[in-house]
Every structure is written in structure tokens, then in C-alpha cells.
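Structure first, then comments.
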Amino acid sequence: MMPATLDLAAVEAMDAADPLRAIRDRFILPEGVIYLDGNSLGAAAPAVFDELRKAATQEWAQDLIRAWNTAGWFDMPVALGDQLGRLIGAAAGQTVVCDTTSINIYKVLHAALGMRPDRSVIVAEGDSFPTDLYMAEGVASTRPGTVLRLEGVDAPTIEELIDERVAVILVNHVNYKSGQLRDMAALTCKAHQVGALIVWDLCHTAGALPVELDSANADFAIGCTYKYLNGGPGAPAFIYAAERHHDKVQQPLSGWWGHARPFAFEQGYAAGSGIRRFLCGTQPVLSMRALKGALDIWDDVDMATVRKKSIALTDLFIQLVETRCGAYGLELESPRDGNQRGSQVSFLHPNGYQVMRALIERGVIGDFRAPSTIRFGFTPLYVGYADVWQAVEVLEDILRTGAWQDARFAVKTAVT
Ligand SMILES: *Cc1c(COP(=O)(O)O)cnc(C)c1O
């Protein structure tokens, strides 16, 4: 509920009443920074450093090769997968942490295509995060005659592209740019009605809002752990595969870690049982350990509480921006209805890049997505209502004074 008068005191009262307030203290938030980019790289937590230190100084340094057994390194991809599974509505044994999101898209998309050998269409979204489409192109190139049909290019909506020719649909639960949320259960059902499989990209979902893969009857899902889950830069990604597919599915990157008996050193490939068959090679143990520290924080967090706060934060931001910055050419790109939105808010501005650079210089860190989106992520675990207030104060000042017009903000950096 939004308070009747919106001032700093009202916003501070919202923080005081926030059931997630104590969780914020488990993160490191630099002085003078308001961090609204947890949807690109989540904040660091001391618990993550503890795990990293243990993995490096005890397990690696002292236990050496023995640690694969004694420290549970070998089972970490599935153990972490189960821990993460709770946050995405996946019962144990169906989620594995490994590789990158891009690689995992390749594995599951190729696997799904292989399960529909008499069908030739992959459906995706024209405004998808580009790597999803690049990987889909790569998968399509492995089977002659496969075509990629895109929402926004080949038809206005994804639903119109779904028919009996479709082998697999690759779709984002939350659009990375606009934050638009899709109805997972409904679209999954529509896919299944025509015998197609569906792969859900949860990069902007996992840790941002609750999702129920099992009850939606999803086939596959993939996603990041370095965004809302706070696993650290380049933290390994994840794959979900519904148990009903495990025996049939063949993934193309048939490395020894997905083998039924990796340490038998047999000559031919034999896929392992269960979700392990989605593994390829040796996994980054230090990064996995860091992720363990980050996921442990989530063990004390209820996703429904996260969702409630996420909607309140983003509603507050939209309301404040529109009342205070309305005169400066910003246009809301995200859905206005909180139930249609992930945990981010995007505005369009013709000079969005410069505006974002000016914000970052003033300590308000969001990001820019070409051609003109300024994007703000609200991580309910560590962003408070007063942060939202302060961010809008700075944004208003930059727009009112025209501070963003300084020439140095027009020079592009490598990563935006
Ligand atoms: C962040 C993101 C990725 C990132 O893929 P990497 O392989 O980790 O670089 C992929 N897809 C979507 C939708 C994303 O938001």
C-alpha cells in the first residue's frame, strides 16, 4: 500500500516496516552508492567471501585433489541445483548448476529439437536478449531445414506462431529490457496443446519473483545466478529439465561430466542418469562455492515476501519519477501494472545513455540498453524504499539542470 502523503518520512516508515530489512545487512553496499543494477550483477555478501576463502585456503590448498570427494566438489552442481530449485518451484533432482546461460541455452534447445525430429520450427522473441537468439541460430544451423520464427517479426505475438510445426519455443519469463512478465502456465499449456516443447529463460526471474516450473508443467528452463541471486561476476548458470524428459533427452555437449561413469574412462559416450546428463566438463569450483554462500542467504527468504516488496519498490519508483520528472521527456517502457512486471523499471529517454552515465557518476547505478532504455533493477533483498527516494532526487536534479549534457557522458564505455 502506498502511503497517502509521499515524503521522505513516509518512505522511511516503509523501510522500518520491511520484513526483509535485516537481510540487507548481509550484503556489502558501498558508501554513497544506490545500487539499482542487481539485475545485471548482484551485490556481494560476506558469506560469499567466507565460502570462497574456505574453498581456496582449506579445500584447495590443504585437501588438494582429495577435496573432490571430501569437500563434495563432485556433487556441487546438483546440490546447488536443488538449493536453487526451491526458488523456481522445481522439486529436487531436476536442476543443475553449470556453465553459462548461453551454453545452457544451446544444450537444452538442441536437446528439445532432438525430441521433435519431425518438426522444423524454433519459436523465439524478436526482442529477446540477443544471446538467446544467437544460440538459437547456432542450434538451427546443426539441422538443415530448421527455421527460427520470431515474435515481432513473423507475427505480432508468440501465441500466433505456435502450431503443429513447432518443435520448441524459447521464451523469456521476464523481458530483459521492458520487464514485461509472461504467464508461464498459460503459454506452456498452449505449447503442449500442439505437441511443442518449451524452454523458459529465467535470467530475470530467478531471485526476482516466485515461479512454479513444476506446477506450470514446464519442459526446460535456464538462467543466470549472477543477477538477482548474487552469485558473483560470471557465476555459473543453471538448467532445469522436467524429470519426465530425463531418460529421453540427449544434449549435444556430451562431455565426460555428463557420462554415466566418468571415472570408468570408457571409450564411448553413455549419458548419465537424471539431471547430471546436462553437465559437460569440469565446473568452476571456486565460483560454485561463492554461489553456495549466496544461495544460503536465500534459505531464510520467502519468495512471496520478495515479490510483495518488489512490486512496492517498483510502484514507488514509477510514481515518484512520473510526478517529479514528468516534464523531462521520460516515457515508461515497463508495464504499469505490477503484476505484469518483473523486478525492474525501464524508461525511454532520447539521451538515455548520457542520463545514465550522469546518474552513475552521482552514485545511482542503473544501466543503459540500446537504443534508448534506462533500466533500474530493484533487488528486494537489499534495496530499500529510501534508496528509491534518493535515486529519484538525483534523477530529477540531473534532468532539471541538464547535467547529463556534459560532453564526457557521450563517450561510450565498453560495458553499458
Ligand atoms: C543476462 C542474460 C543472459 C546472459 O548469458 P551469459 O551466457 O551468462 O552471458 C542470457 N539471457 C538473458 C535473457 C539474460 O538476461
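Since the structure is predicted, the reported quantities are computational estimates derived from the model, not experimental observations. We count ligands from 1, going down the list as the structure has it; atoms in each ligand are counted the same way.
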Would you check if there is a donor-acceptor pair between the side chains of [Y] and [X] at a distance under 3.5 Å?
X	Y	result
His245	Asp219	yes
Asp214	Gln94	yes
Asp296	Gln83	yes
Ser102	Thr131	yes

To which protein heavy atom is [atom] closest, and what is the distance rounded to 0.1 Å?
atom	result
atom 10 (C) of ligand 1	Thr131 CG2, 3.4 Å
atom 5 (O) of ligand 1	Thr101 CB, 3.5 Å
atom 8 (O) of ligand 1	Tyr226 OH, 2.7 Å
atom 11 (N) of ligand 1	Asp132 OD1, 2.9 Å
atom 1 (C) of ligand 1	Lys227 NZ, 1.4 Å

**Message:** Once you measure the plane-to-plane angle for Trp200 and His173, does it fall in the parallel (<30°), tilted (30-60°) or perpendicular (>60°) bin?
**Reply:** perpendicular
**Prompt:** Should the pair Tyr228 and His204 be assigned to parallel (<30°), tilted (30 to 60°) or perpendicular (>60°) ring geometry?
**Reply:** perpendicular
**Message:** I need the contact type for Asn172 against ligand 1. Using non-hydrogen atoms and a strict under-4.0 Å cut-off, is it side chain, backbone, both or neither?
**Reply:** side chain
**Prompt:** Mind checking whether Ser102 has an N or O less than 3.5 Å away from an N or O of ligand 1?
**Reply:** yes
**Prompt:** So is Cys224 close enough to ligand 1, meaning a heavy atom under 4.0 angstrom away?
**Reply:**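 Yes.
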**Prompt:** Residues in ring-ring contact (aromatic ring centres under 6.0 Å, His included) with Trp73, at least two apart?
**Reply:** Trp68
**Message:** Show me the pairs that pass side chain to side chain donor-acceptor pair (under 3.5 Å) and involve residues 28-38, at least two apart or across chains.
**Reply:** none
Which ligand 1 atoms does [X] reach within 4.0 Å, using its non-hydrogen atoms?
X	result
Thr100	7 (O)
His204	15 (O)
Asp201	11 (N), 12 (C), 13 (C)

